> 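The structure that follows is given in the form of structure tokens.
All ligand and atom numbering here is 1-based and tracks the order in the structure. Heavy-atom basis, side chains included; hydrogens, waters and symmetry copies ignored. Computed from a predicted model, the values in this text were never measured in an experiment.
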Amino acid sequence: MNNVLFKGIKLLEGELPRDVLVKDGVIAQIAPQIPIDNATAQVDGSGKVMLPRFVDAHAHLDKTLWGMEWYHNDVPSDLPSIIENERQYRAENGFDSYRQSSQMIEQYLLNGTGAVRSHVDVDTEIGLAHIEGVMEAARTYKDMINIETVCFPQSGLLQRAGTFELMDRAMQLGCDYVGGIDPSSFDRDPVRHLDQVFGLAEKHGRGVDLHLHEPGTLGAFSVELVIERTRALSMQGKVTISHGFCLGEVEAAYQHQLAKQLGEQQIHIATTAPANRSVPPFELLRSHGVHVAAGNDGIRDTWSPYGSGDMLQRAMFLGLKYRWRKDKQLEHALYAITQAGSVLLGLEDYGLEQGKSADFVIVDAHNFVEAIVAQPKQREVYRKGERIVTGGRLEVAQ
Ligand SMILES: [Zn+2]
């Protein structure tokens, strides 16, 4: 494996350019000046920024219609209609979750993402077909990207008999997390729903990642039940609440109390920073040690035409939603698409530090803030010191 010295490249705003030496796939040294020797290739980093490979902590690889004919969306906007429409579309159009996951994974690779946690639908119509498709795609691309799977009862866990058994089988197949959805408002029995979800996680020794769209105090009640179960089962660090809009809606004293307990139980939050909903209080949660990571959620599917899979774009959406303007504030956005995601996914060896794996993205930008707002299309992506993307294409053939 070649040794490479990146000369004079920016790492974070406010810092002077650094030299970064990569040896045998590992970041061997970061310093203001590193002398070059004959055995080391040199890359001029001037005018460029090096960022850790991005992490999408909340995706749905099996929903995307990426690369297919354009989907003309005329779907009613209530949740049951959207879910029913998606089931019907799949049944009529021969949806192939392996093909669609693979298409999306290639987009993620091109834009510099190195890890994705994907919720994958499990229901009594599609069975485990989507789980199997996404897992197969994860195996195909395993040398370039880490894909985690969450078995996700999109159509409800309690209201469709047989779903729990399917999820149990999904976990036996090697799913990484047990999913759930709106235990009060959607499944209308929060205690039973969460007992089943946490019970499965305990049985298989895995974590939980719960979709929680419930508003205000109803959602906060579900959050309390999640905290209670995390504490009782000693699952600290293994539980994520996705969306958690309610955390941005309850009154301040209750919000602080929940943030404190989430921090104590090391429960993580994944947010998409949607334009139309409240968002979890990012800085308050961070101050309590809660990791808040970012995700794209669905990308160009029957739910909506939005999304590109680009985590730099998602970081900008966070900045806009949270009204971050200062460079220092936008460090939160960078953290959400990098370090926080690495904690949620339990990625060891992550980050631009000596001794860590040489997994990074290089873009033309003055600093990381410009990278977030300009989202340069041309990205050089490295995995274990090897360049895998340049000039907008994958260098490694599948
Ligand atoms: Zn989702």
> Quick test of your reading: applying side-chain hydrogen bond (donor to acceptor under 3.5 Å, both in side chains), list the pairs with at least one residue in residues 40-50, sequence neighbours left out, ordered by first then second residue.
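Non-adjacent pairs meeting side-chain hydrogen bond (donor to acceptor under 3.5 Å, both in side chains): Asp37-Thr40, Asp44-Ser46, Lys48-Asp364.
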
> Establish, yes or no, whether the cationic atom of Arg286 lies under 6.0 Å from the six-membered ring centre of Tyr335 and within 45° of the ring axis.
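Yes.
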
> Excluding waters, how many protein N/O/S atoms sit closer than 2.8 Å to the Zn ion (ligand 1)?
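Under the 2.8 Å cut-off, the count stands at 4.
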
> Once salt bridge (charged side-chain N to carboxylate O under 4.0 Å, His left out) is applied, do any residues pair with Lys377, and if so which ones, sequence neighbours excluded?
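Partners of Lys377 under the salt bridge (charged side-chain N to carboxylate O under 4.0 Å, His left out) test: none.
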
> Should the ring pair His213 and Phe245 be called parallel, tilted or perpendicular, given that the plane angle runs from 0 to 90° and is split at 30 and 60?
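Tilted, since the angle between the ring planes falls between 30° and 60°.
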
> Apart from Leu218 itself, what residues make up its hydrophobic cluster, given side-chain heavy atom links below 4.5 Å?
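Members besides Leu218: none; it forms no cluster.
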
> Cation over ring, Arg206 on Tyr177, under 6.0 Å and within 45°?
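Pair Arg206/Tyr177 does not count as cation-pi.
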
